[in-house]
Amino acid sequence: MDWLKRTFRKRKRESQLDSELRFHIELRTEELIAQGFDTTEAHRRAMVEFGGVEGVKEECREARAIYWLESLLADLRYAVRVLRKSPGFTIVAVLTLALGIGANTAIFSAVNGILLSPLLYPDSGHLIEIKGSMLMRGIGVRFAFLSIPDIREIQARCPAFGQVAMYGLFSGTKMLGGSFPDDVQTPPVSGNFFGLLGVDPILGRPILPSDAQSGAGPVAVLSYAVWMRDFGGDAKAIGKVITLGKESFEIVGVMPKGFNPGGYARPVWRPMPPPSGSGPSRKNFEYRAIARLRPGATLKAARVQLKVLAARLAKANPAEDKGLQLSATRMKDSMVGTQLRVELLLLLAAVGIVLLIACANVSALMLARSWSRQREVAIREALGATRLRIIRQFLIESLLASLAGGACGLLIAVGGIPLLRAIAPAGTPRVDQVHLDSGVLWFTLGASVLAGILFGLAPALQLSVGQTTTIRERVATSGNALGGKRTNRPQGALVISEVALAVILAAGATLLARSLQKLMAVPLGYRTEGVLTVQPDLSGSGCDSDRQGPCRAATNAILQGMRGIPGVEAAAVASTAPLGGGFLRPLEVEGRREPTKSGVMIPYRGVSSGYFQLMGIPLLAGRTFGDADTATSQPVAIVNRAFVRRYLQAASPLGRRISARKSETGQPEWMEIIGVVGDSRDSDITETPGPEYYVPAAQSSADVTAPVFLVKASESPLQILGAVKQQIWSVDKEAAIGRVQTMSTVVAREQAGQRFRALLFGTFAALGLLLAIVGNYGVISYSVNQRIHEIGIRMAMGAQPADVLRMVLRDGAILAGVGIVIGIGGALALTRLMRSFLFEISPTDPVTFAGVAITLALVALLACYIPARRAMRVDPNVALRHE
Amino acid sequence: MNQDKAAILKGTLDMLILKIVALGPIHGYAISQRIQQISRDHFQLQQGSLYPALHRLENRDWLEAEWRDTDTGREAKFYKLTKKGRKHLETEMESWDRTAQAVALILRTAP
C-alpha cells in the first residue's frame, strides 16, 4: 500500500512540475505572439529563453532532495580540502590519534574477548558455577569443590536450577595408547555434563547419562589438545582403547577446540564411577557443580535457595557441612576472576588516558590553527553562515581527522593484538578469544567519533564565540602578533591537563616497574640457572601408590643413571618441585602447646641427598640428608630458618623433635631435627618465606609414583633433556614424561604477570608522556611565534637574550608545574586501585612520586627550551616587520 | 573560488525571489517577469533556472505553493511566503548589509 501511495504521489508531483513549466512557456509564447511573432517562432523563442526543459526538471527534482544531506556533503568536501591543504597538521593529528585509538582498540579487544564476549556454550549467560566456602580455623576458605550428596541436594531442592551437573577433582594420570605415554588430566563427569553445556563433539559422541550407570562400558572423550598431541588429529582415534591409570577406556568422542571447562592443560573426560556400596561420602569434597538457570529464574532467587539449603545441610550433617556456605556465580565471571577483571579495567583506563592526551594534543593543535583561521570564519559569518553551521564545519573537519586516525589505529591494533596475546602471562583464561570482531570494530568507530567531538568542540566553540567583537575588529586583528597573548588560555588548559594525565600514567607505570624490579631482585634462596626439573609418572608396571617399593627402586635407578650422564653436574629427587605446589600437614613441635589439638599446618618436602647442594640452599647448622637416612633408619628432618625463628627460639634447634604423624596408639611419631637450612621462596615468590621442613625422600609419605627429578647441567639444561628422557625410559619404558621445565622458566612464569603489567603500563605511559611533551612543545613554540613581534619590541628596548629565554621558559614552567601538581593529586587518588598489583612498594611511594614529578618537569622544560632558544635569537629588525 | 561566487549568486537569487513573493501570492512566470523588470540591466536570468530555486525554497519551507486559477481562468502554481520564510528573509537582508560592508572592508584591508 505504501509503495502504491508513494508511486502515486510521485506521479502527481511529476505532472504538476510538468504543468507548471508548460504554463510558463505557454504564457511566454502568448506574450510573444501578442508582440507580433507567428506561433511557431513564438514557441521557439519561448523555449530558448527558458532553457532545456528536461534539465530544469532534473534540477527541480534535485532541489527537492534532502537539504541537510546536500549541505553536509558540501561541508565534507570543504573539510577534505582544508585537511589536504595542510598536510603537516593532518599527518601529525592523524598519527597522534592513530596511536591513541590503536592502543585502545588492542586493549579493548582483550577486555572484549576475556570479559565481555559470551562463552562458547550455547546460552552461556544462564550457566552458573556453584561453589562452597567454610570457616576453617577462623579463616573463611573458599573452595570450588563440594561433596556428591550435597550437589544432589542442590539438584533436588533448588528449583531455580534446571539441571545440575558435576565434574570432579582431576589428578594427573598417565595415558597409554596414544603416540607416546603422556600425562593428562582425567576429570570424571556426571552423565548430564555434556548435555548441560550443550556443545557438540567434532567427532563421535559426548558422554551420555547412560555411560554413568552401573554396567556401562568405560568410555572417554578427548579434548582437542589431547587429540592433536597424542593422536595426531586422526579421525581413527574414535574406537581406540586407551589406558588411564590402571583402567581401559574406549574413545567415543573428541570435543572442539576451546572446549575446556575448568581450564586444564590436557583433559580427557570420563564418566564418574557409578554409585557403589553405601554411596558417595559426604566427607569427600571432590566435585565441582555447574548448573543452568531454569528459564525465568534469576540468579538472585538461586542464591536465596542456596543459602537456605546450606543452612539446612549444615544442620543435618554437622560433622561434614558445619559452617558451609554455597555461592552461585555466572560461569563467565567465575572463570575470569576479580584480579584479572580489575587488571584489564586498569589497563583500559590507562589507554583511555593515552587517548585523552592524544585528544588534548590535537585539540591544542587545532586551536593554534584556528587563530589563523579567524579571518576565514569572520568572512563566512559575514556572508551569512550561522554559528551552528560554522561549529558543524569544524566538527566535520575534526571527525574526518579522527576517523582517519581510527582507520590507522585499526592497523596498529591488527599488529598489536597478536603481540598482546603472545606476551599475556601463561594461563590467562580465554586469551584465545582476544581478536578483532564486530564488537571491537564498533568500539573503534565509537572511540573515533567521540575523540573527534572531544578535540573538535573546543576549537569550534572558541572560534564561533566572540560575537561581541565586530567583524571589523576580528578581520583586522586576527593573525596579528599583539592579539595573541590573552587567547592562549584554552591551549594552556589543554597542556596542563595533558601533563597531569601523563603524570598519572607515569606514576602508575613507575610503581609497576619498580614492583617488577623488586620482584626480580628478590633473593629466592635457591639456584635457578642450569636446573632442569622432570616429573615422570612411573605408575604402572609394579609401581603404584600402594606398593611404594618398586617406585622407590625405579626412582633410585633413574637418579643413579642421571648422575652418570655427561654434562650433568648433580641430580636429586624431591616430592614436589620448588614453586610446584606442595603438601601441608599438621605438625606438632615437642614441648610446645599449640592452640588447636591438631597442631599447625606447615608445608614440607621430601628430598634426596644432594638436594640442598644442587639447589644452592645453604646449610646453616647440623648436617644434610645422606645415604644413611633410609626408610628404616631413625626418622629425621631439616627445618628452615623461619621455622627456627617461629617455633624453636628458646634452645638450639638441633636434636629437638617434631611430629607430623601419630601411631596407631595415638602417640606422636617423632622426627629428630638434624639440620637448619636457609629460607627459600619455593612456594610463592611474592611472599616472605614461612616455616618449612624437609624430610628424607626415603622417609617421605608423599606420592612416590611421580617424583620430581632435579638436574643441574653444566651448560644449557635443555641440551641434556634428550639424554635425561632416555635414562628414564631405560628404567621404565612406559614412564609418561609430561612435565619438563627449567627452573628459570618456572620463576619467569611467576614473574610474568608483573612483567606483563609493567610492560603495558610502561608503554602507555611512555606514549602518553611523548604526546604530552609534543603538546607542550607545540603550544610554547606557537606562542613564541605569536609573540615574535612583542619579543622584537622588548629586544629593541634593550631586553637581553637571557631575559627572553627566561620569559619563555617561565611560561612553559608554569603550565608544566600546574599540570604536575594536579597530576600528582590525581595519581595519589588513583594508584591505590593498583595496590593488589604492587610488590613491596606503597601505592603512594614518595620516591616514585618525586621522581615522576622531577622527570616530567625536566622533560617539559626541555620541550620549551627549543622554542625559547628560537625566541632568544629573534632579530628585532626582522621581528618588527613580521606581520 | 568560482564555486563560492556561484553560491553568493545563488543566495542572491533566493533573496530576490523571497522579496518578490513577500508582496503576495504569485506564480513562477510572474516572478520571472518581475525579476526581469527590476534587474534587466544587472543580470540576465535564464528563465528556467528560476524553477529549481523555487522548488528548493519550497523544500526548505520558506515558500508554500497552491494551485489556483489565474485572472485568465487558467490553473497555475502560486507561491506564498511562509512565516519561516519571512524570518529568513529578514536575516538574509541583514546579513546582506553586513556582507556588503565586509567585502568592502576586505577589499580595503586585505594584502
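In what follows, every chain begins at residue 1, and chains take the letters A, B, ... in the order their sequences are listed.
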Tell me, for [X] versus chain B, whether the close heavy atoms (under 4.5 Å) come from the side chain, the backbone, both or neither.
X       : result
A:Glu31 : side chain
A:Leu17 : side chain
A:Val53 : neither

Practice task
Compute the ring centroids of B:His27 and B:Tyr79, then answer whether they are less than 6.0 Å apart.
Solution key: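 They do not qualify: ring centres at least 6.0 Å apart.
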Exercise for the section: Flag the pair A:Phe50 / B:Tyr29 as yes when their ring centroid distance falls below 6.0 Å, and as no otherwise. Expected result: no
Handout entry: Residue part contacting chain A, namely of B:Glu75, when any heavy atom lies under 4.5 Å
Key =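 Backbone of B:Glu75 only, per the 4.5 Å heavy-atom cut-off to chain A.
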Exercise for the section: Give, as side chain, backbone, both or neither, the part of B:Thr72 having an atom under 4.5 angstrom from any heavy atom of chain A. Expected result: neither
Handout entry: Check ion pair A:Arg794-A:Glu790 (N to O, under 4.0 angstrom)
Key = yes
Problem - A:Asp75 bridged to A:Arg392 by N-O distance under 4.0 Å - result: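 Judged by the 4.0 Å cut-off on N to carboxylate O distance, A:Asp75 and A:Arg392 do form a salt bridge.
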Exercise for the section: Decide if atom CZ of A:Arg84 counts as having more than 12 heavy atoms of other residues, nucleotides or ligands within a radius under 6.0 Å. Expected result: no
